[in-house]
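Each remark here refers to the structure printed beneath this line.
Positions are given from 1 along the sequence. Remember, predicted model here, so these are calculated numbers, not experimental data.
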Amino acid sequence: MYRFILFPLLIFIFSDKIFCQEIELFQHFNGRFDYTAIGNTLNQFENNIDQSFCELLPESEAELTLNSDDTIVAAFLYWAGSGSGDTQVKLNEEFIAADDTYTVDYDDPNYGLLTYFACYTDITQYIQTTGNGIYTFSDLDISEPLATFPGYCGNRTNFGGWAIYIIYENDNLPLNQINLFQGLEIINRNVQEKIITLENINVLDNDGAKIGFLAWEGDSLLNFGESLSINNNIISNPPLNPANNAFNGTNSFTNSTEFYNCDLDFYNIENNINIGDTSVEIKLTTGQTIGGTIFADLIILNNVITVLNSQLPDATVQIDNIEKFCASRDLEIDYTVYNNNATDILPANTPIAFYADSQLIAQSQTMNDIPIGGSESSSILITIPDSLPLNFILNVMVDDDGSSNGIVLELNETNNNTNTAIELIPFPEIQPLDPLIGCDIGFNTAIFDLTIKEENLSVESPNDINYFTSLEDLQANSNAILIPDNYQNNTLPEFIYIRVETDLCYEIYVFELLVDNCPPYVPQVFTPNNDGYNDWFNIQGLYDIFERHRLLIYNRWGTLIFEGNNDTKWDGRANRGLTNQGILLPVGTYYYVLYLNDGNYKPLTGFVYMTY
């Protein structure tokens, strides 16, 4: 489930210096895991006791001993010292470069501003390959800052050391949640108390709970109230780590008291945390006033690691693919729900909510129990409401009942969402084209070659072109005109819509069909001999087009012998005059006058030869 969106997992991938980095969650591991640590100092002695040395030892070593049934999951190398940092060292004569460097400053009233550093790098593959044995750390060069006299050696903060954290898996271990926090924070006479709150912790069972620390520059003889508290309870591990001198150059893994100016310790905290806790408060203190003067040890905390028994799922979700549809507010979303960093199954029917700009638009749920490390893929078709803009942020939330509430208790309650920016494909703009004009073939209809308009399209290489008589058909891509190069209009006016498919969507063009009365064609001969061919004076483009026309036929002497209209056609017989009405006229030349009664045309005159 989620409450608000956070991104607590800081997996650093750049080799940049980070100044005074607060201790934050770096990585977590869930399963039958535990951890161990090895390391050593590069100081010859505690620098608070013996000021006869300033330089570091050239190398030091430590031994890794894991059981044969332990499987290395992750390993991280840390090193630290005086100055701004040496980012390349050697481990077993192999060059190791820092993934990141943290630095922190201390303004010493006597020696000025002094900087201390800590580096880390992921060496999982190297440790997995090398395995048990002696590890020798060397080539940490801080000679330049140490040579600045009196500086670090003058105030006895010349130090160097290293440690390796190894997280391992063993089937005999309980299901644990390991949280590794890191950064670089300091306490000293200027800042005598530091409170660090470790978030994103789920305590289901405090049996066997422990916490570990890696700190630098602690001195065993400077016990000016150096305490370490967990949830306001001072913790200790006497005689190795007394309550008033927690940072005293010790290694809890080897029980060494000669881990000079370094502390690699862990504590049992079963009695310091409670079932149900989701955070742990750590407080470090140093300093006391003696005769009006503040005395304090300088402590630099590098990382914190917790091991807690926890059997919980951890639901996360990923958007695999989003299919957008042209001129549509529908989205088909393929997504996968994971239960990776988990110690228990994610139950079936875990709710999933889909939000667009914080507005709930759809809901779903998982279908099956998802095992530890498992996943379930699915898809959903959703419609974006018209009230939302074309551009919005799509959020997919797993373990969300649609009201920002989860129903499943999880190891991590802040990683249940994924989001992405969406831009819907808008309805294409309708682009007008000039009308297409056809000659009337009767009753205001014409034959059109619609494909003529393709030369006016803006698409250079269209994938497909179709013609429609309505915008609705175009959108549905149905009822396309089958023969666009020989199309007869059905109505007048009539509009034709062109759909041109493109890679992204389609384009729309529209033009009007206009039917024009074209000049009629008057034949010069006709043969009314009842042979079924050319038996009447057929003036093409006249009848049912110029419906109000008037046709007058005269003989060679100028006598009107026939008068016709749209319903009366001349078949070679007279219908005017005192005689010869209804009689087939003789072969010869006759003259006509054709009144089209159309303001665009003058009367047409000419002759026609009639024969049998």
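- Shown here are the side chain to side chain donor-acceptor pair (under 3.5 Å) partners of N241, two or more places apart in sequence or in another chain: N248, T250, D265.
- Take S229 and apply the side chain to side chain donor-acceptor pair (under 3.5 Å) test, not counting sequence neighbours, and it matches no residue.
- When every heavy atom of I380 is checked against every heavy atom of S364, the shortest pair comes out as CD1-CB, 4.2 Å.
- Applying the side chain to side chain donor-acceptor pair (under 3.5 Å) test to D401 and every residue at least two apart in sequence or in another chain returns S403.
- The shortest heavy-atom contact between D141 and D86 is N-OD2, 2.7 Å.
- Partners of Y165 by ring-ring contact (aromatic ring centres under 6.0 Å, His included), not counting sequence neighbours, listed by chain and number: Y35, Y78.
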I'd like a table of donor-acceptor pairs (distance under 3.5 Å, sequence neighbours excluded) in which one partner is a side-chain atom from residues 90-97, with atom names and distances.
unit_1	atom_1	unit_2	atom_2	d
N92	OD1	T136	N	2.7
N92	ND2	Y126	OH	3.4

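- Shown here are the side chain to side chain donor-acceptor pair (under 3.5 Å) partners of S220, two or more places apart in sequence or in another chain: E46.
- Partners of F117 under the ring-ring contact (aromatic ring centres under 6.0 Å, His included) rule, at least two apart in sequence or in another chain, do not exist in this structure.
- Residue pairs meeting the disulfide bond (SG atoms under 2.5 Å apart) criterion with at least one partner in residues 67-176, sequence neighbours excluded, are C54-C153.
- If you look at F26 and Y120, their ring centroids are closer than 6.0 Å.
- Between L240 and T257 the shortest side-chain heavy-atom distance falls below 4.5 Å.
- Applying the ring-ring contact (aromatic ring centres under 6.0 Å, His included) rule to pairs touching residues 261-294 yields F253-F266, sequence neighbours excluded.
- For residues 247-299, no residue pair satisfies the disulfide bond (SG atoms under 2.5 Å apart) rule, not counting sequence neighbours.
- A donor and an acceptor atom, one from each side chain of W216 and N261, are nowhere located under 3.5 Å apart.
- Applying the salt bridge (charged side-chain N to carboxylate O under 4.0 Å, His left out) test to D34 and every residue at least two apart in sequence or in another chain returns K210.
- A search for ring-ring contact (aromatic ring centres under 6.0 Å, His included) contacts involving Y135 returns nothing, not counting sequence neighbours.
- Under the 6.0 Å cut-off for aromatic ring centres, Y111 and Y152 do not qualify, their centroids lying 6.0 Å or more apart.
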